[in-house]
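What you are looking at is a predicted structure, and each value in this text was computed from that prediction instead of being measured.
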Amino acid sequence: MHAEERRETILKLLRQSAQPVSASTLAGQLSVSRQIIVGDIALLRAGGADILATPRGYCLQNAAAAGLTRRVAVRHDEAGMAAELNTMVDNGCTVVDVIVEHPLYGQLTGPLQLSSRYDVAQFIARSHTAQPLSVLTGGIHLHTLLCPSEDAYRRVLDALRQAGFLLEG
């Protein structure tokens with residue numbers, strides 16, 4: 001398979017997948033190294049493909065499920081991270097990303113795409129090797145949520161408020 005064919009196949013696989021696909025999985029399916037896949041993804045992005053890298057793998061950004069997009073401002077320490085994320089997914093929302101304001105770089109966004117307690121557990125397990133972005137801001141950060149309804153969003157706000165995570169004026 002030629003490089004261009006392989007990149008088209010990567011796009012096809014990402015379009016067909018409901019979940020992020022890891023570079024290792026793509027490499028195995030296409031019989032190439034993980035590093036070749038990383039390079040292919042970079043070239044696809046440079047060519048205009050809207051590929052999002054999440055902690056669980058690659059997905060197409062415009063392939064997000066239908067729903068309402070909302071943002072919440074929260075504050076907690078590292079110990080509260082799992083409880084905060086579980087609060088959001090338990091109420092039916094997907095945690096799309098985390099956003100912090102950096103004094104030098106401005107807005108920094110980290111894609112997450114967490115939809116279940118399993119996703120959160122995997123993310124938390126990986127978080128022991130690096131500090132979360134929220135340490136840059138004393139625990140203050142935003143999350144973009146994809147919610148199935150306004151009701152689900154209100155449930156998230158109420159639960160975050162009860163847990164002491166919601167940042168309010």
Side-chain angles (χ1 to χ4, degrees), residues 14 17-26 34 37-38 41-42 44-46 49-169:
L14 294 177
S17 179
Q19 300 295 321
V21 183
S22 73
S24 298
T25 298
L26 290 168
R34 183 185 176 286
I37 296 298
V38 171
I41 294 292
L44 287 165
R45 284 177 166 160
D50 205 3
I51 299 172
L52 184 65
T54 76
R56 296 181 302 135
Y58 298 111
C59 62
L60 294 177
Q61 185 139 343
N62 56 6
L68 305 170
T69 301
R70 299 287 187 263
R71 286 225 170 113
V72 294
V74 291
R75 180 181 204 163
H76 59 79
D77 58 15
E78 281 188 65
M81 189 164 51
E84 175 226 25
L85 294 169
N86 280 326
T87 296
M88 293 182 270
V89 300
D90 286 351
N91 283 285
C93 296
T94 295
V95 184
V96 176
D97 60 27
V98 59
I99 303 166
V100 298
E101 283 296 321
H102 189 275
L104 180 59
Y105 298 111
Q107 181 175 299
L108 299 177
T109 303
L112 297 175
Q113 297 298 323
L114 307 174
S115 300
S116 67
R117 279 187 170 257
Y118 176 78
D119 294 346
V120 171
Q122 285 190 314
F123 176 73
I124 296 300
R126 284 190 304 275
S127 75
H128 299 301
T129 61
Q131 292 186 316
L133 285 176
S134 61
V135 301
L136 299 171
T137 57
I140 296 172
H141 57 286
L142 300 173
H143 284 293
T144 305
L145 302 176
L146 183 61
C147 302
S149 66
E150 194 65 38
D151 230 18
Y153 175 64
R154 280 195 290 274
R155 285 193 311 269
V156 166
L157 291 179
D158 290 342
L160 290 171
R161 187 176 292 116
Q162 263 188 334
F165 296 138
L166 191 63
L167 191 63
E168 298 183 277

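Without hydrogens or angle criteria, T129 side chain to R126 main chain gives a donor-acceptor distance under 3.5 Å. Judged purely by atom type and a 3.5 angstrom limit, D119 has no side-chain atom pairing as donor or acceptor with the backbone of Q122. Between the side chain of T94 and the backbone N or O of V96 there is no donor-acceptor pair closer than 3.5 Å. The backbone N or O of I51 lies less than 3.5 Å from a partner atom in the side chain of R45, making a donor-acceptor pair.
Residue H141 holds its NE2 atom at 12.5 Å from OG1 of T109, rounded to the nearest 0.5 Å. Rounding to the nearest 0.5 angstrom, the gap separating the CE atom in M81 from the CG atom in N86 is 11.0 Å. The SG atom of C147 sits 6.5 Å away from the CG atom of L68 when rounded to the nearest 0.5 Å. For the atom pair CG of L146 and CE of M88, the computed distance is 13.0 Å after rounding to the nearest 0.5 Å. Separation of atoms CG (L112) and OG1 (T144) is listed at 9.0 Å; rounding is to 0.5 Å. With rounding to the nearest 0.5 Å, the separation of CZ in R154 from OG in S149 is 7.5 Å.
Side-chain contact between L145 and V95: present, with at least one pair of heavy atoms (C-beta onward) separated by less than 4.5 Å. For the pair T25 and Y58, the minimum side-chain heavy-atom distance is 4.5 Å or more. Residues L85 and H143 form a side-chain contact, since some pair of their non-hydrogen atoms from C-beta on lies under 4.5 Å apart.
For V156 against C93, the heavy-atom pair with the smallest separation is CG2-SG, 3.7 Å. Pairing each heavy atom of A82 with each of V120, the nearest pair is O-CG1, 4.1 Å. Closest of all the heavy-atom pairs between V74 and L166 is CG1-CA, 4.4 Å. Shortest non-hydrogen contact noted between A152 and N91 is CB-O, 3.5 Å. Here the closest heavy-atom approach between residue R56 and residue Q113 is recorded as NH2-O, 2.7 Å. Across Y153 and V72, no two heavy atoms sit closer than the pair CE1-CG1, 3.7 Å.
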Task: Audit row: Q107, H102, side-chain contact (heavy atoms from CB on, under 4.5 Å) steps and yes/no - done: CA-CA 6 Å; Q107 181 175 299; H102 189 275; over 6 Å; no

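Counting heavy atoms of neighbouring residues, nucleotides and ligands inside a 6.0 Å radius, atom CD of Q162 does not exceed 12 of them.
Under the 4.0 Å criterion applied to side-chain N and carboxylate O atoms, D158 and R161 are assigned as salt-bridge partners.
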